[in-house]
Structures are given as structure tokens and as C-alpha cells.
Amino acid sequence: MHGSERGSEPGATAGNGVDHEFLALELELAVFLRRARANSGEMAREVHPELEAAAYGLFVRLESAGRQRATDLASYFGVGKATMSRQLRALEDLGLVAREPDPADGRAFLVHLTDEGLARFRSVRDARRDRYVRKLADWDRTEVAELARLLHQLNARAES
């Protein structure tokens with residue numbers, strides 16, 4: 001192949017300058033993210049029918065990281081404090097999260113999942129995990145581990 005044609009080397013580009021491997025990655029990530037957003041909405045509504053899609057991410061974060069300040073959650077998700085306050089207030093009104101004074105700063109509050117919120121979240125998360133197990137049943141466990149490793153690496157680089 002000539003330099004203007006796509007070669008088999010990593011990063012080879014066609015005459016139009018398109019890096020086909022990265023184009024393919026971008027397309028697959030776009031599909032993956034679209035499905036993930038749709039799934040988050042479905043899973044949030046499974047936790048409680050009145051929840052919006054963003055609520056599921058809050059459950060994931062609070063379950064994994066524990067008690068958090070609303071400002072830290074807003075920063076983590078890249079949203080404004082007002083948006084986070086509105087989302088947390090909705091969850092609190094449903095009895096799925098609660099606030100308590102921050103022992104390190106009496107003016108601040110820590111948000112955490114209630115027992116009800118945690119139980120509902122774990123039930124939905126476990127059902128989702130079962131769907132992954134069924135969808136990937138024909139994959140070798142090392143392939144699943146490799147996908148998880150690569151996604152972790154991608155996420156870590158995105159955060160730095």
C-alpha cells in the first residue's frame with residue numbers, strides 16, 4: 001500500500017487524513033454511551049419510577065464512595081451546585097438519601113444512601129449485572145477482565 005492508503009500499521013490514515021482505528025473507537029464509544037444513558041434512565045426508574053437518569057449515577061457514587069458533600073458530588077459529575085441540590089432534594093423527598101451534619105464542618109452536610117435507597121439500588125444493580133453475565137456468557141473470563149481493564153484505563157486517563 002502507498003502512504004495515502006490505509007495500512008495495517010497502528011495510526012495509519014487514508015488520504016483524507018482519517019485515522020480509521022480512532023474513528024472506529026469514536027463510533028463504538030458513541031453507541032456505547034447512547035445505550036448507557038438509556039440504561040441509566042431505565043435503571044433509575046427501576047429504583048423508583050419518579051427518578052431521572054442522573055439519579056442512577058448518584059447511587060453508584062454514593063454506594064462506592066460513601067458519604068459525600070453535595071459540592072463534592074457536583075464537582076465529580078461536572079454539574080452546578082443548584083443542579084446537584086435539586087437532584088439530591090428529589091432523592092431525599094423519596095426517602096432514598098439522607099443528609100447529616102459534616103463532623104469536620106458544622107456548616108456542611110454529608111449525603112448518604114438510606115437503607116431503603118441502598119436496598120433498591122443494589123437490587124437493580126444486581127439485576128443489571130445478571131444481564132451482563134447472560135449477554136457475555138460466550139466470552140472467556142479473561143476477555144471480560146481485559147475489557148474491564150481497558151475501560152478502567154480509559155476512565156483513568158479521562159479523569160487526569
Side-chain angles (χ1 to χ4, degrees), residues 21-160:
E21 291 82 5
F22 282 94
L23 179 60
L25 174 63
E26 179 183 11
L27 293 172
E28 293 302 325
L29 282 174
V31 171
F32 181 80
L33 292 171
R34 180 183 52 78
R35 285 190 177 139
R37 279 190 293 274
N39 286 339
S40 287
E42 291 171 16
M43 291 182 291
R45 286 184 297 279
E46 287 177 31
V47 171
H48 193 283
E50 295 179 33
L51 295 182
E52 57 187 62
Y56 193 80
L58 284 167
F59 283 110
V60 171
R61 180 66 179 168
L62 289 170
E63 199 262 350
S64 67
R67 289 167 162 68
Q68 300 276 294
R69 287 185 180 188
T71 53
D72 293 336
L73 288 167
S75 175
Y76 179 81
F77 288 105
V79 299
K81 289 187 272 185
T83 299
M84 184 54 60
S85 292
R86 181 184 54 76
Q87 291 173 347
L88 291 172
R89 190 170 29 259
L91 294 173
E92 193 172 13
D93 289 347
L94 294 171
L96 303 174
V97 301
R99 295 184 310 152
E100 64 186 37
D102 184 345
D105 181 352
R107 300 166 297 168
F109 289 90
L110 296 175
V111 180
H112 63 91
L113 293 173
T114 62
D115 291 342
E116 175 75 12
L118 185 60
R120 286 175 178 244
F121 164 71
R122 285 182 174 167
S123 174
V124 171
R125 182 201 55 201
D126 292 348
R128 179 182 65 162
R129 190 173 294 144
D130 289 344
R131 285 192 297 268
Y132 284 146
V133 168
R134 284 191 306 275
K135 286 182 180 186
L136 301 177
D138 59 338
W139 285 35
D140 185 275
R141 291 287 251 212
T142 56
E143 291 174 317
V144 175
E146 180 66 0
L147 177 59
R149 185 189 70 76
L150 290 170
L151 288 171
H152 174 78
Q153 186 176 343
L154 180 64
N155 288 330
R157 288 188 183 190
E159 290 180 7
S160 61

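Position 1 is the first residue of the sequence, and the numbers go up from there.
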Practice item. State plainly whether the residues Arg141 and Glu146 are in salt-bridge range, i.e. N to O under 4.0 Å. Key: no

Study note, to complete from the structure: Scanning both residues in full, the closest heavy-atom pair of Thr114 with Val97 reads CG2-C, 3.6 Å

Review point. Parallel under 30°, tilted from 30 to 60°, perpendicular over 60°: which one fits the rings of Phe121 and Tyr56?
Key: tilted

Practice item. Taking Ser85 for its side chain and Lys81 for its backbone only, find out whether a donor-acceptor pair lies under 3.5 Å. Key: yes

**Study point:** Nearest heavy-atom neighbours spanning Leu91 and Ala55
**Key:** CD2-CB, 4.1 Å

Practice item. Run the salt-bridge test on Arg67 and Asp102 with the 4.0 Å N-O cut-off and return the result as yes or no. Key: no

Exercise for review: Keeping the roles fixed (side chain from Ser75, backbone from Thr71), state whether a donor-acceptor pair exists under 3.5 Å.
Suggested key: no

Check your understanding: How many angstroms lie between atom CG of Leu73 and atom CG of Leu62, to the nearest 0.5 angstrom?
Key -> 5.5 Å

**Study point:** Stacked cation flag Arg61 on Tyr76, 6.0 angstrom / 45 deg
**Key:** yes

Check your understanding: When rounded to the nearest 0.5 angstrom, what is the spacing between NE2 in His112 and CG in Leu118?
Key -> 11.0 Å

Exercise for review: May I ask you to test the Glu52-Arg86 pair for a side-chain heavy-atom distance under 4.5 Å?
Suggested key: yes

Exercise for review: Ignoring hydrogens and angles, tell me if any N or O in the side chain of Glu143 forms a donor-acceptor pair with the backbone of Asp140 under 3.5 Å.
Suggested key: yes

Under 3.5 Å, side-chain donor or acceptor atoms of residues 28-47 against the rest of the protein: list the pairs with distances, not counting sequence neighbours.
{"unit_1": "Asn39", "atom_1": "ND2", "unit_2": "Arg35", "atom_2": "O", "d": "3.4"}
{"unit_1": "Ser40", "atom_1": "OG", "unit_2": "Ala36", "atom_2": "O", "d": "3.1"}
{"unit_1": "Arg45", "atom_1": "NH1", "unit_2": "Gly41", "atom_2": "O", "d": "3.1"}

Practice item. Verify, without hydrogens or angle tests, whether Asn155 (side chain) and Leu151 (backbone) share a donor-acceptor contact under 3.5 angstrom. Key: yes

